[in-house]
Amino acid sequence: MPKSNPEIAELFDRLADLLDVEDANPFRVRAYRNAARVIRGESRSMTELVESGFDLDGLPGIGEGIAEKIHEIVDTGRLSQLDKIAKRTPLTLSDLIRLPGLGPKRVKTLYRQLNIRSADDLRRAARKHKIRELPGFGETLEHKILDALDRYARGEHRWYLAEAEAIAAPLVNYLQKLDGVGKVTVAGSYRRRKETVGDLDILVTCRKGVRVAEYFVAYDEVESVDSQGDTRASVQLESGIQVDLRVVPAASYGAALYYFTGSKAHNVAVRGIAVKRGLKINEYGVFRDGERIAGRSEKEVFASVELPYIEPELREDRGEIEAARKGGLPELVTIEAIRGDLHSHTNATDGRESLESMAQAARKRGYDYLAITDHTRQVQVAHGQQPEDIEAQLDVIDEYNARNPGLRLLKSAEVDILEDGGLDLPDSILRRLDLVLCALHYRFELDRKAQTRRLLKAMDNPHCQILAHPLARLINEREPLDIDLQRILEHAAAAGCAMEINGQPARLDLPDVHVQYARSLGVKFVLSTDAHSTGHLDYMRYAVDQARRGWLQAGDVLNTRPLQDFLAALRHV
DNA sequence: GCCGTTTTCGGCCCGACTGTTTTCAGTCG
């Protein structure tokens, strides 16, 4: 069974955890963690790169040693070094190290002194009050560990960006009401517009940090307080999300925002550059020999290390620093550039509203065009339309367009990709459509070879202009398709078939790292909402977020073009 | 273990908070 990138990355993370417990060279530990991060953020499959003879040594953070280990994993499915270490330091310790409050040192003590190897061992020992007797531990920590174990049993939860927004908005509003508070900004992965966030990081400018922290923990929705100090505090809300607050003076706003936005890997890399120049960057500013030389704005911070401003969405240490140095940063696409939505449903299938209402809402948004893309017959759960129903709908659209100048409704369909890669509408109807969107809705479990063949064949049909939600994943619910994405993207680039970035909060498909890679191959994109109601048209924001995280410029996105340009830019038979 | 517009050896980001200490290690972001 070939290993996926996340599986390979996990092996390196575990190796790092165990070495950490064993007190290995911390920089070596960091190198493994860094490699894990790079592998997770790589669109191309390590397995296929190895099989094609690609030189892994060229990837950032991956040298000769780790490249060799990746080869071993791909060839044998095992990492012998990890197996070797696991004989003396149990693999399950890496589960413990991930519990909040426990790190390598404490896990080591637990293992050495009480032979605790697993979460179950740990729970038993805590209940018998064995933990509090250990050196460096105590009663409070014992309680904290039991709490952490309860949370661990419930599993880690990451929140859709849309959910996080709904939770953050009233809290930001609340914080703003306190006297003396200046700016209130949600930073962290939320500001980087990552598809999901694990917690909320809120930055506040104010002279009196203590007062803000006190006010913050008194917020209605706060369930428990994890920590509270003069400049920061951390709480759990009743919704279950963790919120970290940080308070700095206004003069430090830029430096603090920069630090608090992350990502950690990006910050570490830029701080490294600063060190080489004899500078120190922290959340209060940029310092040379103890003297503060910048920090009011993020731009100042970047300028201090001679870099142009880097947009938050790019700050993942995935090449943005090098691009910034060379003046090669992309000018990211914006929501204002979007001229139309290319994926929407009506109550003819599983949408909730009429064609007229959808059109009205699109017009209100100022769009030039909206594609009506109801399902085809094979998708029975969504009441897919028979070919004759679709033909009837085309006439309705023609009539609508004749009556309503300004907005152009595009005749389309979300054509189902059949198991054999065929399309669920005859060419005679496909030919009549302004736009053909193709998507896969069942048999997600086909093996890699068959699934890849299925999508390649679908794209071989010259009518297939856009591949919608290409990975068919649902965040937190359904894994992405097992496909050779590199081959599919190369095929799409060659055939001129565009990839969709679907803005539904649970889809956001294609994901950022694949978008970035696809762009490098010359693949074109469209941004759509897959709206099932007029309100869903608002999901375009999330599609834009994902596009920006994938380095897309307006020129990479076909629906930034006016109608005629857009239609001409699509693939044609 | 990785890396190089000062280096192929000698570096590798930085500060806040907690709990257990009696001056600080561990953890976290």
Side-chain angles (χ1 to χ4, degrees), chain A residues 12 15-16 19-21 23-38 56-70 81 96-110 131-145 148 187-189 197-203 209-210 213 225-235 242-248 252 255-256 258-287 301 305-306 317 322 325-326:
Chain A
F12 283 107
L15 180 57
L19 286 170
D20 217 353
V21 171
D23 257 337
N25 176 353
F27 298 108
R28 200 170 141 228
V29 172
R30 185 207 276 180
Y32 287 131
R33 289 200 207 286
N34 196 35
R37 183 183 59 81
V38 169
L56 298 174
D57 208 334
L59 294 173
I62 300 199
E64 220 176 305
I66 292 180
E68 203 174 298
K69 288 184 170 60
I70 297 174
Q81 194 191 357
L96 300 183
I97 220 177
R98 296 174 192 187
L99 288 172
L102 291 187
K105 301 290 185 293
R106 285 173 183 159
V107 167
K108 184 182 181 180
T109 305
L110 291 167
I131 308 290
R132 61 180 68 176
E133 294 160 10
L134 291 173
F137 288 75
E139 201 178 329
T140 315
L141 206 48
E142 191 175 80
H143 287 302
K144 206 172 159 184
I145 285 170
S189 48
V197 301
D199 60 14
L200 287 174
D201 302 300
I202 301 186
L203 176 67
V210 190
V225 180
D226 295 333
S227 73
Q228 184 184 349
D230 294 347
T231 69
R232 66 193 313 169
S234 183
V235 302
Q242 180 180 319
V243 187
D244 297 329
L245 173 86
R246 188 71 212 254
V247 190
V248 297
S252 297
Y258 178 64
Y259 149 78
F260 223 25
T261 296
S263 67
K264 185 173 176 171
H266 168 93
N267 285 354
V268 167
V270 170
R271 280 174 165 167
I273 296 174
V275 169
K276 284 191 188 132
R277 291 161 183 263
L279 301 172
K280 184 173 73 171
I281 300 179
N282 60 29
E283 55 266 55
Y284 298 108
V286 182
F287 298 84
V301 176
V305 287
E306 287 175 59
D317 193 22
E322 201 191 350
R325 266 187 171 148
K326 292 183 182 160

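Within 4.0 Å (heavy atoms only), A:Val268 reaches at least one base atom of the nucleic acid. Using a 4.0 Å heavy-atom cutoff across all strands shown, A:Asn34 reaches no nucleic acid atom at all. The residue A:Pro100 sits close only to the backbone: its heavy atoms come under 4.0 Å of sugar-phosphate atoms, none of a base. No engagement by A:Leu15 is indicated, since no non-hydrogen atom pair under 4.0 Å with the nucleic acid exists. Residue contacts for A:Glu142: at a heavy-atom cut-off of 4.0 Å it reaches no nucleic acid atom on any strand shown. At the heavy-atom level, A:Lys280 lies under 4.0 Å from the strands shown only through sugar-phosphate atoms. Base contact: A:Lys264 has a heavy atom under 4.0 Å from a base atom. Residue contacts for A:Gly101: at a heavy-atom cut-off of 4.0 Å it reaches the sugar-phosphate backbone alone, with no base atom in range.
When DNA chain B is scanned in the 5' to 3' direction for atoms under 4.0 Å from non-hydrogen atoms of chain A, the outermost contacting nucleotides are B:dG1 to B:dG29.
No side-chain heavy atom of A:Arg33 sits under 4.5 Å from any side-chain heavy atom of A:Arg37.
Position along DNA chain B of the nearest nucleotide to A:Thr140 versus A:Asp57 favours A:Asp57 as the more 5'-ward residue. Nearer to the 5' terminus of DNA chain B, by closest-nucleotide assignment, is the contact made by A:Gly138 (compared with the other of A:Tyr259 and A:Gly138).
Side-chain atoms of A:Glu283 do not come within 3.5 Å of backbone N or O of A:Tyr259 as any donor-acceptor pair. Between the A:Asp20 side chain and the A:Asp23 main chain, no donor and acceptor come within less than 3.5 Å of each other. Side-chain atoms of A:Gln242 never come within 3.5 Å of backbone atoms of A:Asp199 as a donor-acceptor pair (strictly under, hydrogens ignored).
Across B:dC12 and B:dT6, the matching P atoms stand 16 Å from one another, rounded to whole Å. Atom name C1', nucleotides B:dC2 and B:dT8: the rounded distance is 12 Å, in whole Å. When the C1' atom is compared between B:dG1 and B:dA16, the two are found 29 Å apart, to the nearest whole Å. Taking the C1' atom of each, B:dG19 and B:dC3 are spaced 38 Å apart, rounded to whole Å. On the C1' atoms, B:dT20 is 14 Å away from B:dT27, given to the nearest whole Å. One C1' atom belongs to B:dT21, the other to B:dG11, and the distance between them is 33 Å to the nearest Å.
For the side-chain contact (heavy atoms from CB on, under 4.5 Å) with A:Phe137, the lone residue among A:Glu142, A:Arg106, A:Arg132 that qualifies is A:Arg106.
Under a cut-off of 6.0 angstrom, the local environment of CZ in A:Arg277 is crowded, with over 12 non-hydrogen atoms contributed by other residues, nucleotides or ligands.
B:dT8: no Watson-Crick or G-U partner with both key distances under 3.5 Å is found in any strand.
Relative ring orientation between A:His266 and A:Tyr258 is described as perpendicular, the plane-to-plane angle rising above 60° on a 0-90° scale split at 30° and 60°.
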